[in-house]
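Only one structure is covered here, and it is reproduced in the block below.
Protein chains get the first letters and strands the later ones, always in sequence-line order, with residue 1 at the start of each.
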There are 2 protein chains.
Amino acid sequence: MLQVSRKFEYGLHAVTYLATKGQGRVVTVKEMADDIGFSQEFLSKAMQSLKRAGIASSVQGVKGGYTLGRATTEITVADIALAIEGKPHLVRCGVKAESCEVFSSCHHRGYMGTLQHKIQDLLEDTTIYSLLQQIVP
Amino acid sequence: MLQVSRKFEYGLHAVTYLATKGQGRVVTVKEMADDIGFSQEFLSKAMQSLKRAGIASSVQGVKGGYTLGRATTEITVADIALAIEGKPHLVRCGVKAESCEVFSSCHHRGYMGTLQHKIQDLLEDTTIYSLLQQIVP
DNA sequence: CAGAGCAGGACTGAATTTGTCCTGCTTAAT
DNA sequence: ATTAAGCAGGACAAATTCAGTCCTGCTCTG
Ligand code: FES
Ligand code: FES
């Protein structure tokens, strides 16, 4: 259906939220969830993915929580998508060739590949920094 | 997961298939399905969607089948996507606002909107004609 | 050492996708 | 007129994916 996953939306919200809080500030999942209006458990999953990708970094124990792992100019929307949804596969043969019954006779595999690339480029062109700039106050 | 639906793949295959057969030629679903290697029943669904959108036109009765509804230069990938998957909704609030719990506090709705537009533009930029040109013989 | 909070696996329910089936309608050919 | 090929489309079933919950363990502060 060419729709972004909910987990990705959670992640993007979380990152912009952290960004507005400033780099140093450690924020707990509960605080974020309450503040934004998400399910705490599920947001936690998204944060874990972001952490593994280095986009967020975590502090454990009491007084723990999450911060951004790097500057907002160094985080693109593509990074978040990759962290949360994994490598994109616009078509099935992207994940494994056998999933396309007609692999050998396929005429548009090449096009779909470049299309995916172009979409990827769109996502890479937007950093969190520039995303925040776009907000009208 | 930002992946195109199988039905769309079926439809795209079908359109390029019809295109290579020439405008006048009426092709039956069975022929297409056998030839390409798809499930006849399911391909039939895709064809019905294409028909409703005017991309394909059908001939009923014995000796019936499908033809392209208009010239290959007048069919874009976006048309096929629209016919088969309906209007695209990259984010949920695109379909209805209530599906976003945080509609009022959302920072990236604007961006997602323009992103969707850009993707749409990519799809509109490719006609079936130009797609067929790209095939290396 | 108690408790706040992250890490992550397992699991469940919901939603969507994918595919099949069946019935009816249209028309060419006999 | 009858038959059969083929489209139209609704209903349904299976499979897959997504969304969300639960539970257990680990880490650190006070
Ligand atoms: S082989 Fe995958 S789209 Fe054709
Ligand atoms: S309101 Fe829909 S993405 Fe924010």
Side-chain angles (χ1 to χ4, degrees), chain A residues 1-11 13-14 18 25-34 37-67 69 81 83-86 88-89 91-92 95-96 99-101, chain B residues 1-11 13-14 18 25-34 37-67 69 81 83-86 88-89 91-92 95-96 99-101:
Chain A
M1 210 210 271
L2 210 50
Q3 182 176 265
V4 99
S5 78
R6 200 157 191 73
K7 203 168 161 190
F8 169 83
E9 287 184 22
Y10 273 48
H13 264 103
L18 286 177
R25 180 83 146 71
V26 173
V27 184
T28 170
V29 168
K30 179 167 174 11
E31 183 183 340
M32 298 176 64
D34 285 355
F38 283 155
S39 145
Q40 180 176 340
E41 301 282 347
F42 195 49
L43 175 58
S44 169
K45 292 296 181 197
M47 292 313 298
Q48 288 174 27
S49 298
L50 292 175
K51 151 84 190 293
R52 274 190 288 267
I55 294 170
S57 71
S58 68
V59 177
Q60 293 223 334
V62 180
K63 295 283 180 185
Y66 288 97
T67 327
I84 288 185
E85 313 205 330
H89 303 291
V91 288
R92 288 164 166 73
V95 39
K96 54 177 183 172
S99 53
C100 236
E101 315 86 332
Chain B
M1 210 211 273
L2 210 49
Q3 180 176 268
V4 99
S5 78
R6 200 155 190 74
K7 202 169 161 189
F8 169 82
E9 288 184 20
Y10 273 49
H13 263 103
L18 286 178
R25 179 83 146 71
V26 173
V27 184
T28 170
V29 168
K30 179 168 176 8
E31 183 183 337
M32 298 177 63
D34 285 354
F38 284 155
S39 144
Q40 180 176 340
E41 302 282 346
F42 195 50
L43 176 58
S44 169
K45 293 296 183 198
M47 292 314 297
Q48 288 174 27
S49 298
L50 293 175
K51 150 84 190 295
R52 274 190 288 268
I55 295 170
S57 71
S58 68
V59 176
Q60 293 223 332
V62 180
K63 295 282 179 183
Y66 288 97
T67 327
I84 287 185
E85 313 205 327
H89 304 291
V91 288
R92 292 175 164 65
V95 38
K96 54 176 185 174
S99 52
C100 234
E101 315 86 333

Would you say a side-chain N or O of [X] is under 4.0 Å from OP1 or OP2 of [N]?
X: B/Ser58; N: D/dA8; value: yes
X: B/Arg52; N: D/dC7; value: no
X: B/Thr28; N: D/dC7; value: yes

Could you check if a side-chain atom of B/Met32 sits within less than 4.5 angstrom of a side-chain atom of B/Leu18, using non-hydrogen atoms only?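 B/Met32 reaches B/Leu18 side chain to side chain.
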Please report, rounded to the nearest Å, how far the [atom2] atom of [N] is from the [atom1] atom of [X].
X: B/Leu50; N: D/dA8; atom1: CG; atom2: C1'; result: 14 Å
X: B/Leu43; N: D/dG9; atom1: CG; atom2: P; result: 15 Å
X: A/Glu31; N: C/dA4; atom1: CD; atom2: C1'; result: 14 Å
X: A/Lys45; N: C/dA10; atom1: NZ; atom2: C1'; result: 9 Å
X: A/Lys63; N: C/dA2; atom1: NZ; atom2: C1'; result: 16 Å
X: A/Phe38; N: D/dC18; atom1: CZ; atom2: P; result: 18 Å
X: A/Arg6; N: C/dA14; atom1: CZ; atom2: C1'; result: 13 Å
X: A/Phe42; N: C/dC11; atom1: CZ; atom2: P; result: 19 Å

Quiz question: going by heavy-atom distance under 3.5 Å, is there a donor-acceptor pair between the base of [N] and the side chain of [X]?
X: A/Lys7; N: D/dG20; value: no
X: A/Lys51; N: C/dG8; value: no
X: B/Glu41; N: C/dG19; value: no

Taking the side chain of [X] as heavy atoms from C-beta outward, which of [options] is closest to it?
X: A/Tyr10; options: C/dA4, D/dG20, C/dT20; value: D/dG20
X: A/Val62; options: C/dA7, D/dA19, D/dC28; value: D/dC28
X: A/Gln60; options: C/dT20, C/dT26, C/dA7; value: C/dA7
X: B/Ser39; options: C/dT20, C/dG8, D/dA19; value: C/dT20

Checking B/Arg92 side chain against A/Val4 main chain: does a donor-acceptor pair fall under 3.5 Å?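 Yes: the side chain of B/Arg92 pairs with the backbone of A/Val4.
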Taking all non-hydrogen atoms of both residues, which atom of A/Ala53 and which atom of A/Ala83 are closest, and how far apart?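 Reported closest heavy-atom pair: CB-CB, 3.4 Å.
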How close do B/Ala56 and B/Tyr66 get, counting heavy atoms only, and between which atoms?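 In this case the closest contact between B/Ala56 and B/Tyr66 is CB-CD2, 4.2 Å.
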Nearest heavy atom decides the nucleotide; on that basis, is A/Gln48 or A/Gly64 closer to the 5' end of DNA chain C?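 Result of the comparison: A/Gly64.
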Hey, does A/Lys30 reach any base, or is it just sugar-phosphate, or nothing, if we go heavy atoms under 4.0 Å?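 Nothing, no nucleic acid heavy atom in range.
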Full working for side chain to side chain contact (heavy atoms under 4.5 Å, CB included) between B/Val27 and B/Thr67: CA-CA 7 Å; B/Val27 184; B/Thr67 327; over 6 Å; no
